[in-house]
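Have a look at the structure below before the remarks.
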Amino acid sequence: MEEKSKEDHLFRDGLLSALMSYRKGQSDHILPDTSEARTLAPLHVRLQKKVDAIPAATQQQGLSLLELQVRMKGRKGGMPHVGELASALRKLGWIRRRQWSNSEDGFRAKWYPN
């Protein structure tokens, strides 16, 4: 029994030392570089800039949420979540209109300025 306990302690100590050495080697990679750590403006502010760049005639025809999503940058480098994007559009005064029928493509939802 005593041998088993010693083996367990040796294994635990070896594992802890391996983890500590790994952690020391990774600490440089965990902390972001100051050039990468730039913060994004709030989504509704960035969205307003994108929408302002779209001609008014195109806005009046309605904007697809997916079209806006692919043009925006998300918090983690990808695209913003569609729910957050829709919430930001509502915050800017846009409304969603749905077309359930009379459409070759099926369901559609477009966003229009209010």
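- Atom-to-atom distance recorded for Gln48:CD and Leu89:CG is 9.5 Å, nearest 0.5 angstrom.
- In plain terms, the two heavy atoms of Leu65 and Leu85 that are nearest each other are O-CD2, 3.7 Å.
- Here the CZ-CD distance, from Arg12 to Glu7, works out to 14.0 Å after rounding to the nearest 0.5 Å.
- Trp111 is connected to Ile54 through a chain of hydrophobic side-chain contacts under 4.5 Å among Ile, Leu, Val, Met, Phe, Trp and Tyr, so both are in one cluster.
- Taking all atoms of both residues into account, the shortest heavy-atom contact from Ser17 to Gly14 is OG-O, 2.9 Å.
- The hydrophobic clustering, which links ILVMFWY residues whose side-chain heavy atoms are closer than 4.5 Å, places Val82 and Leu92 together.
- At least one side-chain heavy atom of Arg96 sits under 4.5 Å from a side-chain heavy atom of Arg90.
- Linking Ile, Leu, Val, Met, Phe, Trp and Tyr residues whenever their side-chain heavy atoms come within less than 4.5 Å places Leu66 and Leu47 in a single cluster.
- In this structure, Lys73 NZ and Leu40 CG are separated by 5.5 Å, a value rounded to the nearest 0.5 Å.
- Residue Met79 is found in a hydrophobic cluster whose other members, listed by chain and number, are Val70; membership requires side-chain heavy atoms under 4.5 Å apart, directly or through intermediates.
- The NZ atom of Lys50 lies 13.5 Å from the CD atom of Glu67; values are rounded to the nearest 0.5 Å.
- When all heavy atoms of Arg46 and Ala41 are compared, the pair lying nearest together is NE-O, 2.8 Å.
- How far CD of Glu84 is from CD of Gln69: 10.5 Å, rounded to the nearest 0.5 Å.
- Atom-to-atom distance recorded for Leu43:CG and Met72:CE is 5.0 Å, nearest 0.5 angstrom.
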